[in-house]
Amino acid sequence: MTSLVQRPLALVIAVGWKARLGYAVLVAALIYMVVLPLYRLQSLAFGDGARGYRAQYGRADIGEVIWTTVQLALASVVIALVLGTLLAFATSRLPQRFSFLRMVPVLPIVMPAVANIVGWAFLLSPGPGYLNAAMRQLPWWDHLDSGPVDVYSATWIIILTGFGLTSFVYLFVSAGMAAISAEHLEAAQTSGSSTIGVFFRVVLPLLRPSLIYGAGVALLLGLGQFTGPLLLGANTGVKVLTTEMYRRVSESPADFAAAAAAGSPLVVLGLLVVLAQKLLLGDQTRFVTHGGKAFKSTPTRSWWAVTFVVAYGVVALLLPLVGLVLVSLMPYWSASLSLDLFSLDNFRTLFATPDIIDAVVTSIVAASVAVVFCVPIGFAIANLLVRGRRYRVLRIVADLVSALPLGIPAVIFGVGFLLTYTQPPIILYGTRTVIILVYIVLMIPFATRLQMTAMLALGETYIEASATSGANPLTTNVRIVFPLMRPAILSAVALMFILLTHEFAASLLVRSPTTQVMGTRLFDLWSNGSYPLVAAMALLMTVVTGVGVAVAMVVGGRNVLDNL
């Protein structure tokens with residue numbers, strides 16, 4: 001009798017230790033992939049009497065670089081907050097037959113940032129920019145030889161960055177707006193408040209949690225902005241910390257210590273933003289607005305909402321696409337357009353260039369393989385965070401480490417991986433493997449968050465019923481949890497693939513001349529002045545991403561973009 005009792009007890013203890021050991025291996029692998037590159041960067045920066053910090057912060061212009069970084073981030077966040085909030089309010093007021101316009105504020109995320117930036121450069125470059133050339137035909141600007149807009153200035157880098165961040169703020173604010181009870185709006189309207197009054201007196205205060213969280217994420221993205229300052233600010237001396245990091249490792253000889261020191265303020269500021277979010281939000285229960293009424297009133301529909309959303313779509317998405325299409329059809333980029341010169345020669349050249357095709361294949365392969373690894377890693381971390389209450393230390397460490405790639409700019413991970421994998425014991429420089437590894441690290445927060453949300457929504461009932469029926473954890477996951485989480489997992493797969501086909505900052509650091517992805521190959525064409533090929537390449541990237549979006553909507557549903 002005693003042996004019959006002891007046998008199941010021993011089995012439970014053995015299973016518990018196996019699970020603990022498995023989670024310990026998972027956390028150790030996470031630390032190796034995420035923390036080791038950052039540790040090596042900092043140890044190098046502090047080495048030799050903090051030579052890296054002395055080299056980077058002993059320069060006369062470092063104050064200007066830091067001020068430009070902060071200025072660009074804060075100003076672009078303000079633009080994004082205003083536009084994102086107005087767009088969220090406008091899409092909630094769209095007439096029923098124009099409800100499809102709700103996807104317009106999200107579409108700029110689908111367009112690769114590098115394609116968007118070069119599209120605007122083709123429109124607003126002081127000399128050959130098409131919009132500038134058109135504006136110079138107006139009576140008050142007909143005396144100008146260039147301009148009136150200079151897209152290479154800090155002001156326009158801020159504006160374009162703000163447009164790019166608007167979609168992220170919109171996603172957070174629109175989700176918060178959807179949670180506002182119709183009772184509050186109904187009460188305000190019944191009391192005689194206008195639409196503007198409802199927005200400022202009711203909607204805006206209730207959106208405080210969404211605004212703070214969205215502003216925090218946008219500020220982190222703004223501080224780590226890289227594409228705009230690199231492509232537009234290089235010739236006019238607009239420097240930020242991320243471009244300083246790239247310059248330090250791309251010049252000869254490369255100075256990894258100074259590059260690591262340059263990125264340190266971004267890491268510190270990222271942590272401060274996360275702490276500020278928690279302090280400002282405080283007790284979130286006071287923002288709960290759900291009431292007990294069993295009906296939901298229909299919000300007022302407005303034509304101004306249609307106009308505003310369409311205008312945003314034209315400016316943020318259509319105009320840069322037009323710039324890309326025009327240049328891609330021309331044999332050269334100039335202020336004058338001639339329909340007689342239009343041809344598809346640039347696309348033929350593109351598809352006849354082997355290294356460009358290799359870059360496209362590398363982007364797709366690297367993104368696909370990274371996603372395949374990210375799904376089980378994210379599931380295991382989510383499982384530890386949701387159900388691993390017995391493993392408190394491992395749970396806390398996994399939570400912190402898996403969230404790090406969200407707060408730290410991708411370019412810092414790019415430099416860290418370049419340093420880590422160009423020296424023993426593991427040398428991977430010049431291979432697709434190092435690109436895949438950095439992609440996995442960048443996507444861990446997305447894989448974890450999306451699956452953790454679905455796991456929390458699933459609850460414990462199914463798992464407890466399965467365990468009561470005698471199933472072990474593996475059987476429960478395979479037969480119960482995976483099928484129920486299938487939509488969330490497929491949505492995560494599709495979304496990660498889209499984000500990775502865009503990736504540019506980290507890829508630029510870990511690529512080699514023989515191993516490129518689409519974004520880095522486009523940058524090389526831009527640096528060489530092959531602008532028509534740049535436009536054709538940017539359109540090719542957009543098409544590849546568009547195909548990814550189509551697949552995402554097929555496997556993840558029509559609302560897949562809302563999960564970005």
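Since this is a predicted model, take the numbers as computed values, not measurements.
Between the side chains of Y439 and S507, at least one donor N or O lies within less than 3.5 Å of an accepting N or O. For the residue pair R432 / T362, a side-chain donor-acceptor distance below 3.5 Å is found, with atom types taken as modelled.
For Q516 (side chain) and D355 (main-chain N/O), no donor-acceptor pair under 3.5 Å exists by modelled atom type. Checking side-chain atoms of S264 against main-chain N and O of A260 turns up a donor-acceptor pair under 3.5 Å. Checked by atom type and distance alone, the side chain of E503 pairs as donor or acceptor with a backbone atom of A506 at under 3.5 Å. Put simply, the side chain of T85 never gets that close to the backbone of V82: no donor and acceptor are under 3.5 Å apart. Checked by atom type and distance alone, the side chain of T243 pairs as donor or acceptor with a backbone atom of V240 at under 3.5 Å. Between the side chain of T91 and the backbone N or O of A88 there is at least one donor-acceptor pair closer than 3.5 Å. Side chain of S328 to backbone of V325: a donor-acceptor contact under 3.5 angstrom is found. In this structure, D150 contributes its side chain and P126 its backbone to no donor-acceptor pair below 3.5 Å. Put simply, the side chain of N346 gets close to the backbone of M330: a donor and an acceptor are under 3.5 Å apart.
A258 and R248 make their closest contact through CB-NE, 3.5 Å (heavy atoms, listed as atom of the first residue, atom of the second, distance). Between A73 and S76, the shortest heavy-atom distance links the atoms O-OG, 3.0 Å. In terms of heavy atoms, V360 sits closest to M537 at CG2-CE, 4.5 Å. In this structure, E244 and A262 approach most closely via the heavy-atom pair CB-CB, 4.5 Å. Taking all atoms of both residues into account, the shortest heavy-atom contact from P405 to S402 is CD-O, 3.5 Å. Here the shortest heavy-atom pairing between S167 and Y312 reads OG-OH, 3.7 Å.
Looking only at side-chain heavy atoms (C-beta outward), L329 and D345 stay at 4.5 Å or farther from each other. Looking only at side-chain heavy atoms (C-beta outward), Y57 and P265 come within less than 4.5 Å of each other. Taking the side chain as every heavy atom from C-beta outward, V310 and V306 approach each other to under 4.5 Å. Annotation: side chain of L500 is not in contact with side chain of F497 (no heavy-atom distance under 4.5 Å). Between L508 and R511, the closest side-chain pair of non-hydrogen atoms falls below 4.5 Å. With a 4.5 Å cut-off on side-chain heavy atoms, L232 and W156 do not count as touching. At least one side-chain heavy atom of I159 sits under 4.5 Å from a side-chain heavy atom of T155. In this structure the side chain of M33 reaches within 4.5 angstrom of the side chain of L437, judged on heavy atoms.
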Please evaluate residues V149 and L131 with respect to the criterion side chain to side chain contact (heavy atoms under 4.5 Å, CB included), reporting the C-alpha separation (whole Å), side-chain torsions for both, the decisive distance (0.1 Å), and the verdict. CA-CA 9 Å; V149 175; L131 280 181; over 6 Å; no
For the pair Y531 and Y332, evaluate side chain to side chain contact (heavy atoms under 4.5 Å, CB included) and give the outcome as yes or no after the intermediate values. CA-CA 7 Å; Y531 299 116; Y332 48 84; over 6 Å; no
Should V114 and F523 be marked as a side chain to side chain contact (heavy atoms under 4.5 Å, CB included) after you check the CA-CA gap, both sets of side-chain angles, and the distance that decides it? CA-CA 8 Å; V114 66; F523 177 69; 5.9 Å; no
Should L72 and T161 be marked as a side chain to side chain contact (heavy atoms under 4.5 Å, CB included) after you check the CA-CA gap, both sets of side-chain angles, and the distance that decides it? CA-CA 8 Å; L72 286 175; T161 304; 5.9 Å; no
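Between atom CZ of residue F308 and atom CG of residue L83 there is a gap of 5.5 Å, rounded to the nearest 0.5 Å. In this structure, CG on L324 lies 5.0 Å from CG on L539, to the nearest 0.5 angstrom. Taken from CD in Q137 to CG in N132, the straight-line distance is 11.5 Å, to the nearest 0.5 Å. A distance of 10.0 Å separates CG in L319 from CG in N116, rounded to the nearest 0.5 Å. To the nearest 0.5 Å, atom CG of residue L41 and atom CZ of residue F417 are 10.5 Å apart. If you take CG on D255 and CE on M245, they are separated by 11.5 Å, rounding to the nearest 0.5 Å.
By the neighbour-count criterion of 12 heavy atoms within 6.0 Å, atom CD of E64 is sparsely surrounded, having that number or fewer from other residues, nucleotides or ligands. Atom CZ of F373 sits in a sparse spot, with 12 or fewer heavy atoms from other residues, nucleotides or ligands closer than 6.0 Å.
The aromatic rings of W333 and F122 lie perpendicular to each other, with more than 60° between the two planes, well past the 30° mark. Taking the six-membered ring where the residue is Trp, F504 and F226 present tilted rings, their angle falling between 30° and 60°.
Screening I436, V438, V415, V517 against V510 for a side chain to side chain contact (heavy atoms under 4.5 Å, CB included) leaves a single residue, V438. No option in V411, L266, I412 other than L266 meets the side chain to side chain contact (heavy atoms under 4.5 Å, CB included) test with L241.
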